[in-house]
Amino acid sequence: MSRTTKKTRALSDDEIMGRFVVRARRVESNSLVKSGAIKCYATPKMTLSVNEASGASIRYHVCADEESIESLATRLRPFIVKSEPIYLPKVLDAISAQTSSESLSENEAEILKATKSWFSQRYEEKNSERYGIQLVGKDGESLTGLLSDALLAEAWIYTDTVHADPEGEKAEAQKLSYSNRYRAASSYWCEFAIVIVNLLSLVRSLSERGLLKVPDSSWSEPVSYAEAEKYEQEQIIAGSAYVFPPGTVIPEGVNPEDIPGARKVTPEVMIRLQHPEGAAW
């Protein structure tokens, strides 16, 4: 019995950039990004307090809105999945293929360099540049290796949020507490969001200057329900909508206003439709 595999068409650089813009705009629309809170949480912080009455206590600076971090992380996840067309190295290659280093300003070149460096060091290598945690037993024996905050953050999204089958280092991260994994996630995913938002700003600038081809629709496609609803309302205002008696068959090629019983939708008609029991047509 023969087995066929489905081959997917390789996307052009334009298509990759279009998909990147849509998904990056979705990151940009996250509440933590819009409020600027990601800048507050991107750097891990802790406060050690000591007083004579209660002794020492540690306060961690994390985002208490766990659902917002979860939303942010899931919106960022396609950028680190190799099978995705917007896997970050693919996006960076698409940008490099269309632009020359001479066309970039010093700041733009720095954004590209910083993005590549972040992906290499913080995602691929999962270095402990910020901090790492090692679990040690009562007798001083090592129960885990040194687990970086990047690894703990990835373990949180994969094993605590999206999947339930930890393997390798992610499984080792399960030996630490949920609190340890979430604290790392709170700062790491905000850190990553800043990288993506900065890259989106670069792409927007290059596109506006005609140095990067991005489909126009990518900048206007709704990326949230609020945007989609606003778009639909604008379409209704720009055009016309009609209602018809129940059972009306609408022939092809016939203007709606020519169909018997057709009524153009107006605010008054909408009110009557919402309260048909008191409506006199």
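Not measured: the values here are computed from a predicted model.
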Nearest-0.5 Å distance that lies between atom [atom1] in [X] and atom [atom2] in [Y]:
X	Y	atom1	atom2	answer
K170	L152	NZ	CG	11.5 Å
Q174	T144	CD	OG1	12.5 Å
T115	I111	OG1	CD1	7.0 Å
L212	S205	CG	OG	10.0 Å
E84	F79	CD	CZ	9.5 Å
I86	R23	CD1	CZ	5.0 Å

Donor-acceptor contact below 3.5 Å, side chain [X] vs main chain [Y]:
X	Y	answer
E172	G145	yes
T248	F244	no
S120	S117	no
R26	V223	yes
R122	N127	yes

If you count the non-hydrogen atoms of other residues, nucleotides and ligands that lie under 6.0 Å from [atom1] in [X], is the total more than 12?
X	atom1	value
Y178	OH	yes
R59	CZ	no
K213	NZ	no
D258	CG	yes

Is [Y] reachable from [X] through a run of I, L, V, M, F, W or Y residues, each pair having side-chain heavy atoms under 4.5 Å apart?
X	Y	value
M46	Y131	no
L202	L76	yes
L211	W219	yes
L88	V21	yes
I95	F192	yes

Salt bridge check: are [X] and [Y] linked by an N-O gap of less than 4.0 Å?
X	Y	result
R181	D160	yes
E221	R19	no
E108	K113	no
R25	E227	yes

query: Does the ring of Y123 carry K126 above it, NZ/CZ under 6.0 angstrom from centre and within 45° of its axis?
result: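 Yes - K126 lies over the ring of Y123, closer than 6.0 Å to its centre and within 45° of its axis.
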
To check you understand the geometry: which heavy-atom pair defines the closest contact between [X] and [Y], and what is its length?
X	Y	answer
P245	G261	CD-O, 3.5 Å
S31	S68	OG-OG, 3.6 Å
A185	W156	CB-CE3, 3.4 Å
D13	Q98	CB-NE2, 3.6 Å
I259	P251	CD1-CD, 4.2 Å
A173	A155	CB-CB, 3.6 Å

Heavy-atom side-chain contact between [X] and [Y] under 4.5 Å:
X	Y	value
V136	L143	no
S71	L32	no
K116	L92	yes
V195	L199	no
L104	L206	yes
Q134	S142	yes
R77	Y158	yes
V203	E208	no

task: Give a yes or no on whether the ring-centroid distance for Y188 and Y182 is below 6.0 angstrom.
output: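 Not close enough - the centres of the two rings lie 6.0 Å or further apart.
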
- request: Go through S187 and R183 one step at a time and tell me if the side chain to side chain donor-acceptor pair (under 3.5 Å) criterion holds.
  value: CA-CA 7 Å; S187 56; R183 289 180 195 126; over 6 Å; no

message: Please determine whether side chain to side chain donor-acceptor pair (under 3.5 Å) holds for the pair N198 and S201, giving the CA-CA distance in whole Å, both sets of side-chain angles, and the decisive distance to 0.1 Å.
response: CA-CA 5 Å; N198 286 343; S201 296; 5.3 Å; no

task: Applying side chain to side chain donor-acceptor pair (under 3.5 Å), run through W118 and E191 and close with a yes or a no.
output: CA-CA 10 Å; W118 188 95; E191 178 189 345; 2.7 Å; yes

